[in-house]
> 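Structure in C-alpha cells, see below.
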Amino acid sequence: MPTYSPSDIEARWQAAWDEAGLFRATRTADKPKYYVLEMFPYPSGRIHMGHVRNYTMGDVIARYKMATGHNVLHPMGWDAFGMPAENAAMAIGGHPKTWTYDNIADMRAQMKPLGLSIDWSREFATCDPEYYGQQQSLFLDFLEAGLVYRKNAQVNWDPVDMTVLANEQVIDGKGWRSGAEVERRELTQWFFKISDMAGELKSALDGLENWPAKVRLMQDNWIGESRGIEITFHRTDGNGTIQCYSTRPDTMRGASFIAIAPDHPVAKALEADRPEVAAFVDACRRMDTTEAAMEKAEKKGIDTGLTVKHPVYDDIELPVWIGNFVLMDYGTGAVFGCPAHDQRDLDFARKYDLPVRNAFYMPGDMTDVATEALVPAKTETVSFIDHFADITDVTSQEAIDATIDWFEARGLGVGQKQYRLRDWGLSRQRYWGCPIPVVHCDTCGVVPEKKENLPVVLPDDVDFSTPGNPLDRHPSWRQVPCPKCGNGARRETDTMDTFVDSSWYYARFTAPRAETPTDLEEAGYWMNVDQYIGGIEHAILHLLYSRFFARAMQITGHLPETAIEPFDALFTQGMVTHEIYQTRDAKGRPVYHLPEEVSDGKLADGTEVEIIPSAKMSKSKKNVVDPLGIIANYGADTARWFVLSDSPPERDVEWTASGAEAAYKHLSRVWTICDRIGAMDKDAPGSGDEDLLRAMHKTIHDVTMGVESFGFNAAIAKLYGFTATLQKSRAGYGAQREAVMTLAQLMAPMTPHLSEDIWAHQGGKGLIATAPWPVADDAMLISDTVTLPIQINGKRRGEITVPADMDKTEVEALSLASEPVQKALAGGVPKKVIVVPGRIVNVVV
RNA sequence: GCGGGCGUGAUGGAAUGGUAGACAUAUCAGACUUAAAAUCUGAAGGGGUUCGCCCCGUGUGGGUUCGAGUCCCACCGCCCGCACCA
C-alpha cells in the first residue's frame with residue numbers, strides 16, 4: 001500500500017456517498033428525526049477557515065446522529081441578498097445577480113471537497129425568486145394579521161450605505177456594516193411588530209435550556225423589561241393631561257418638575273405660538289444628528305410655562321419642561337423629575353434652579369440631598385417622610401410595589417411593564433433585496449400586491465453609476481396598476497432588510513420546493529432544528545428575529561404549534577484566528593504579510609517580521625489561510641481534524657502551520673497502522689489482546705461522551721491516546737483489526753474519507769457512514785484491579801493496587817498497612833480514614 | 001454605571017469536589033542514516049535532595065471540606081454584552 005494520499009481517497013469516497021444518495025433526507029416513521037443546521041453563509045465568493053470549522057462541527061453531529069440511528073436532515077443554502085453585491089457592482093461593474101450566482105457556484109465547488117454530509121437537493125439561495133416570492137407571501141399574511149405596519153418614524157440613517165438601519169444594526173452609534181456615524185432621519189417605514197411579543201420572547205428564554213446562558217442573557221438584556229407605572233398628571237390650565245412613566249413612584253413626594261420629549265405632542269402644540277420653544281425643539285433635532293453625539297450631549301431644557309398638579313399633593317404644582325434627554329419612543333415620552341433621588345434629574349434641577357425635595361432619607365441620616373442624588377438599592381430600607389401610602393420599614397422595592405398598588409386603587413395610574421425592545425424597521429433603500437410587495441395608489445393608498453402576482457421580481461436592467469436605490473430611478477419598474485382600483489399606481493421601491501431572509505430559511509429547508517412558504521406536514525415532521533450552530537455575533541439580531549418569525553409564522557398558519565421556538569439547541573462556535581506578520585514601509589506604516597510568505601519569523605529576503613498576537617482572520621491583516629490550499633496539500637480530513645483539535649469548540653482556535661502538520665501526521669500514522677495490520681500474519685498469536693480491547697472500549701465510551709457534549713477537542717485527545725496504544729500493541733490480528741476498525745468508526749464523523757478507506761481495507765461491510773456507532777461494553781470498562789492513590793492529610797503519598805470489588809474495610813486495612821501510611825503514623829493511630837471506592841484513600845493523621 | 005464570563009507549564013488546552021498539567025505544539029536527548037529530512041523511542045511545572053524521596057505550585061487573600069483548579073466571600077487583572085431606558 002502506498003503512503004497516505006488524501007486527494008485520491010477523498011474524491012473516491014465523496015463519489016461513493018453521492019452515488020448511494022446517502023445524505024438525501026426523506027420523512028420516515030421508523031427512525032427519530034434529527035435536524036442539524038449551521039448558519040448559512042453569505043456568498044462572498046470564497047470559503048474561509050471559519051466556514052470550515054462551522055460546517056465541520058455540524059457535520060460531526062450529523063454523521064454521529066446518522067450512525068446512532070437518526071433520520072438526519074442537514075441542508076445548506078445561501079444568504080444571498082445584501083450590500084456587498086451592490087458594492088461590487090458599483091466598484092467593478094457587472095450585476096449583483098451575476099456576481100452573487102457566480103460566487104455561489106464558486107463557493108459550492110469549494111465546499112464540496114470538504115465531504116460534508118449535506119442534502120444538496122434542498123439547496124436554495126434567498127435571492128432566488130422562488131424563495132423571496134414566498135417571503136413576499138409571508139409578508140402579506142403578516143400584514144393582514146397586523147404583524148407589520150407602516151409609520152413615520154425617526155430612523156437610523158447610514159449616510160455611507162444610504163439606507164436605514166434597525167436599532168440592532170447600530171453599534172456604538174455607527175452602522176454595523178459601513179462603520180459610518182449614524183444619523184437620525186424621519187421617514188415612513190415598514191415595521192414588524194416585534195415589541196408586541198417582547199414579554200413572550202423574554203419569558204420563553206427560560207425554556208431554552210440548550211442555548212448558551214450567555215446568549216439568553218444577551219437577549220434578555222436586549223429586550224430589557226422594567227416594571228413601573230404610568231401616572232396621570234392634570235394640567236392646571238385644564239387642557240388635558242400628561243402621562244408619565246416611572247419605575248420609581250416611591251419618590252413621588254420629591255417630584256419637582258415634568259420633562260417631556262421634544263417630539264412630544266404637547267411640545268409640538270406649543271411650537272406655533274412660542275418661537276423660543278420652536279427654536280429649542282428645532283435645535284434638538286438638528287444638533288443631535290448622530291447617536292454618538294446624543295450620548296455625550298449636555299442635558300438641556302426649556303420651560304414651557306405650563307404646569308401640572310401633583311397627583312397626590314393638591315397644593316403642589318410642577319412646571320413642565322422640554323428636555324433634550326427625554327426619548328419619545330420609550331415609555332410615554334414624558335417623565336417626572338425627582339432631583340433628590342435621580343442624578344440626572346438633580347443635575348438638571350441645579351442647572352435650572354428647580355426645587356430639590358427628599359422623599360426619604362437613609363435611616364439615621366436626615367441629610368438633604370446636595371450634589372449627589374440619594375438612590376437606594378432595591379433591597380435597602382429607607383426612612384420615608386410622611387409617605388402618602390403610609391409605608392414604614394420596607395425595602396425600596398416593597399415601597400415601589402406598595403406605591404403602585406396605592407395609585408392603582410385610586411385610579412391615579414396604571415402599573416405597567418415597559419420593554420426596551422423597539423419594533424423592527426425592515427425597509428431598506430437598496431436594490432439587492434426582497435421587494436416589499438405593496439403598491440402606492442393615489443386613490444386607494446397603500447395596497448398589498450395580489451398573491452397571484454407574486455413574486456414581485458427585481459428588474460435586471462438597473463444602473464449603479466450613482467449612489468442610492470436604483471429601483472427608485474428605474475424608468476418603468478415602479479409603474480403598475482393598483483391591485484384594488486386598477487388605475488396607475490407606483491410600486492414600493494424599498495426592499496426588505498436581509499435579516500428577514502434569514503429569519504425563516506430554516507423552515508423553508510423542510511420543504512424547499514413547496515408552492516407555499518412552508519409545507520405544514522414537512523415542517524411538522526422536521527421542525528424544530530435540533531441543533532443549530534453558528535457564531536456568537538448573531539446572538540441578538542438573527543436569533544431574536546428568527547424567534548419572532550417562528551411565532552409570527554405560527555400565528556399566520558405557516559408553522560405548526562409545536563414550532564414556536566425554532567432552535568431547540570444552539571451552539572455558538574469560536575473563530576479561527578492566526579498570528580499577524582507585519583513589517584514597516586519607509587514611512588513607518590505597517591505592511592502585512594501572508595503566512596505563506598513568512599518562515600522562521602523572516603521573509604524570503606531575510607527581513608524579520610513583527611509578530612502580532614492571533615486575531616480573527618481578515619484579508620486586510622493578511623493573516624488568512626486559504627482552506628483550498630490546505631485541502632490541496634493535506635486533504636479535507638486534515639483540515640477537519642485540525643479545526644476540531646486543541647481548542648474547545650466554543651472558543652477561538654488559532655491556526656498554526658505546525659498544528660496542521662501534526663494533524664496530517666496523525667492521519668498518516670493511522671493509515672500506516674491500518675496498512676501494518678492488513679499485512680499481519682492472521683494466525684500468529686499475539687499478546688495483550690484484552691488490554692487493547694479494554695482500551696478500545698474505554699475510548700468508545702470517552703469519544704461518545706465527547707461528541708455528545710461538544711467536547712470535540714477532548715474526544716480527539718482520546719483518539720490520539722488510543723492510536724498510540726494501538727501503534728504499540730502486540731495483540732493478535734483479530735484484536736488489532738477490531739481496534740483499527742473501531743478507531744476508524746470513532747474518527748468517521750471528523751475524518752470521514754480516511755475512515756471509509758480504512759473500513760474498506762479491513763473488509764468492513766458497506767459504507768462506514770451507514771455502519772452503526774460502536775457501543776462500549778460496560779464489562780470491558782471495569783477492570784479486575786484498580787490502583788488507588790493514598791493521600792495523607794489530602795496529599796498524595798503513595799498508591800495501592802487492589803481487586804476492583806474489594807470491600808471498603810479491607811481496602812482501609814491494606815492502606816493502613818502500606819508503607820507511606822506506616823511511616824506517617826509512626827506507631828500512632830489515624831484520626832480518620834476516608835475510602836472512596838474505586839477512587840482514592842485519604843488518611844488523616 | 002448595570003449585567004455576565006474568564007485567569008492552570010514556553011504555547012493551545014485536560015481534569016463528575018478525589019493522583020493537577022491528559023492530548024497537541026514548541027524544546028531537548030536517543031535510535032535509524034555517510035548526513036539531513038521523514039519515522040520511531042524517551043525526557044520535561046518550579047526548587048531541593050543523602051537519589052529513598054521532600055517542599056512549593058491552577059491570578060491574590062481568606063473560608064467550607066478528610067480532600068478545592070473546581071464550592072463560598074473579598075480583592076486584582078483581562079474579555080464580552082447593555083447603557084440619557086425615566
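A note on names: the letters A, B, ... follow the listed sequences, proteins ahead of strands, and every chain is numbered from 1.
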> For B:A74, which nucleotide in any strand shown is its Watson-Crick or wobble partner with both distances under 3.5 Å?
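Across all strands, the one nucleotide that pairs with B:A74 is B:U60.
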
> Would you mind reporting whether A:K823 and A:I792 have side-chain heavy atoms less than 4.5 Å apart?
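SC-SC contact between A:I792 and A:K823 ruled out.
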
> What is the distance, to the nearest angstrom, from the CG atom on A:N842 to the P atom on B:U65?
15 Å

> So does A:A695 get a backbone contact from the side chain of A:T699, meaning a donor-acceptor N/O pair under 3.5 Å?
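At least one qualifying donor-acceptor pair exists.
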
> What's the closest nucleotide to the side chain of A:A662 if the choices are B:U25, B:A14, B:U39?
B:U25

> For the pair made of NE2 in A:H264 and P in B:C84, what is the distance, rounded to whole Å?
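Computing the A:H264:NE2 to B:C84:P distance gives 20 Å.
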
> With a 4.0 Å cut-off on heavy atoms, is A:K795 in touch with a base, just the backbone sugar-phosphate, or nothing at all?
sugar-phosphate

> Could you work out the separation of B:A24 and B:U39 based on their P atoms and round it to a whole Å?
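To the nearest whole Å, 14 Å.
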
> Is B:G52 syn or is it anti, if syn means the base angle is within 90 degrees of 0?
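Syn, angle within 90° of zero.
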
> Take the angle between the ring planes of A:F571 and A:F710 and call it parallel below 30°, perpendicular above 60°, tilted in between.
parallel

> At under 4.0 Å between heavy atoms, what does A:V326 touch on the DNA or RNA strands: base, sugar-phosphate, or nothing?
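Answer is base: heavy atoms of A:V326 come under 4.0 Å of a base.
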
> Does any nucleotide pair with B:G3 by Watson-Crick or G-U wobble geometry, both distances under 3.5 Å, and what is it?
B:C80

> Any side-chain N or O of A:S226 below 4.0 angstrom from OP1/OP2 of B:A86?
yes

> To the nearest Å, give me how far apart CD (A:Q727) and P (B:G42) are.
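Answer to the nearest Å: 10 Å.
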
> If you apply the rule ring-ring contact (aromatic ring centres under 6.0 Å, His included), what do you find for A:F360 with A:H341, and how did you get there?
CA-CA 9 Å; A:F360 47 72; A:H341 304 299; 3.9 Å; yes

> Across all strands shown, which nucleotide pairs with B:A43 by Watson-Crick or G-U wobble geometry, both distances under 3.5 Å?
B:U27

> What contact category does A:S645 fall into here, base, sugar-phosphate, or nothing, at under 4.0 angstrom with non-hydrogen atoms?
nothing

> Can you tell me the pairing partner of B:U50 across any strand shown, Watson-Crick or G-U wobble, with both distances under 3.5 angstrom?
none

> Is there a donor on the side chain of A:K831 or the base of B:C66 sitting less than 3.5 Å from an acceptor on the other?
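A donor-acceptor contact between them is absent.
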
> Applying the ring-ring contact (aromatic ring centres under 6.0 Å, His included) criterion to A:Y634, which one of A:Y664, A:W641, A:F642 satisfies it?
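Exactly one pass, corresponding to A:Y664.
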
> Distance check, P atoms only: B:C85 and B:G17, in whole angstrom units.
41 Å

> Under 4.0 Å between a side-chain N/O of A:K823 and OP1 or OP2 of B:C53, yes or no?
no

> Measure from the side-chain heavy atoms of A:R420 and tell me the nearest of B:U19, B:A83, B:A14.
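Among B:U19, B:A83, B:A14, the one nearest the side chain of A:R420 is B:A83.
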
> Between B:A86 atom C1' and A:I404 atom CD1, what is the distance in whole Å?
13 Å

> Mind checking who B:C32 pairs with, Watson-Crick or G-U wobble, both distances under 3.5 Å?
none

> If I pick the P atom on B:A22 and the same atom on B:G45, what distance separates them, to the nearest angstrom?
8 Å

> A:R796 CZ to B:G21 P: how many Å, rounded?
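Rounded to whole Å, this separation is 9 Å.
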
> Which listed nucleotide (B:G13, B:A86, B:G81) is nearest to the side chain of A:N713?
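For A:N713, the side-chain atoms sit closest to B:G13.
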
> Got a second to check how far A:T723's OG1 is from A:H666's NE2, nearest 0.5 Å?
3.5 Å

> Considering only B:C55, B:C40, B:A14, which nucleotide approaches the side chain of A:P648 most closely?
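Between B:C55, B:C40, B:A14, the one nearest the side chain of A:P648 would be B:A14.
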
> Could you give the distance separating B:G59 and B:G7 at their P atoms, to the nearest angstrom?
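After rounding to an integer number of Å, I get 8 Å for this pair.
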
> Please report, rounded to the nearest Å, how far the P atom of B:G4 is from the NZ atom of A:K214.
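The answer, rounded to whole Å, is 12 Å.
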
> Return no unless some side-chain N or O of A:K299 is found under 4.0 Å from OP1 or OP2 of B:C84.
no

> With no hydrogens and no angle check, is any side-chain donor or acceptor of A:S256 less than 3.5 Å from a backbone partner on A:V356?
no

> What's the CH2-P distance between A:W222 and B:C80, to the nearest Å?
17 Å

> For the side chain of A:S647, starting at C-beta, report the closest nucleotide among B:G18, B:C56, B:G12.
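Shortest atom-to-atom distance from the side chain points to B:G12.
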
> Taking B:G46 as the reference, what is the distance to B:A10 when you measure between their C1' atoms (whole Å, please)?
14 Å

> When the C1' atoms of B:C82 and B:U11 are compared, how many Å lie between them, rounded to an integer?
34 Å

> Is the glycosidic torsion of B:G9 within 90° of 0, making it syn, or is it anti?
syn

> B:A29 and B:A38: how far apart are their P atoms, nearest whole angstrom?
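To the nearest whole Å, 15 Å.
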
> To the nearest Å, give me how far apart CZ (A:R344) and P (B:A83) are.
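Taking CZ of A:R344 and P of B:A83, I get 15 Å after rounding.
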
> Which nucleotide in the set B:G13, B:A86, B:G18 lies at the smallest distance from any side-chain heavy atom of A:R651?
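Selected nucleotide (nearest to the side chain): B:G13.
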
> From B:G12, B:G42, B:G18, pick the nucleotide closest to the side chain of A:I834?
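Per side-chain heavy atoms of A:I834, the pick is B:G18.
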
> Does the B:U19 base have a donor-acceptor partner in the side chain of A:R839 within less than 3.5 Å?
no

> Over all strands shown, is A:Y330 touching base, sugar-phosphate only, or nothing at heavy-atom distances under 4.0 angstrom?
base

> Between A:T304 and A:V320 (side chain of the first, backbone of the second, donor and acceptor by atom type, cut-off under 3.5 Å), is there such a pair?
yes

> Could you check A:G331 against A:G659 and say which one's nearest nucleotide on RNA chain B is further toward the 5' end?
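On the 5' side of the pair lies A:G659.
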
> Closest approach to the side chain of A:R797, judged atom by atom: which nucleotide of B:G81, B:A86, B:C55 is it?
B:C55

> Say you pick atom P in B:G62 and the same atom in B:G57; how far apart are they, in whole Å?
11 Å

> From C-beta outward on A:Q791, which listed nucleotide comes closest to its side chain: B:C66, B:G18, B:A86?
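Of the candidates, B:G18 comes closest.
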
> Please check the phosphate of B:C40 (OP1 and OP2 only) for any side-chain N or O of A:R669 closer than 4.0 Å.
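Indeed, a polar side-chain atom of A:R669 lies that close.
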
> B:A86, B:G12, B:C84: which one has an atom nearest the side-chain heavy atoms of A:Y245?
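That would be B:A86.
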
> Quick check: on RNA chain B, is the nucleotide nearest A:A334 upstream (toward 5') of the one nearest A:V836, or the reverse? Name the residue that is more 5'.
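The answer here is A:V836.
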
> Are the side chain of A:T332 and the backbone N or O of A:Q243 linked by a donor-acceptor pair below 3.5 Å?
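At least one qualifying donor-acceptor pair exists.
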
> Report the base-pairing partner of B:G17 (Watson-Crick or G-U wobble, both distances below 3.5 angstrom), or none.
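Across all strands, not a single nucleotide pairs with B:G17.
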
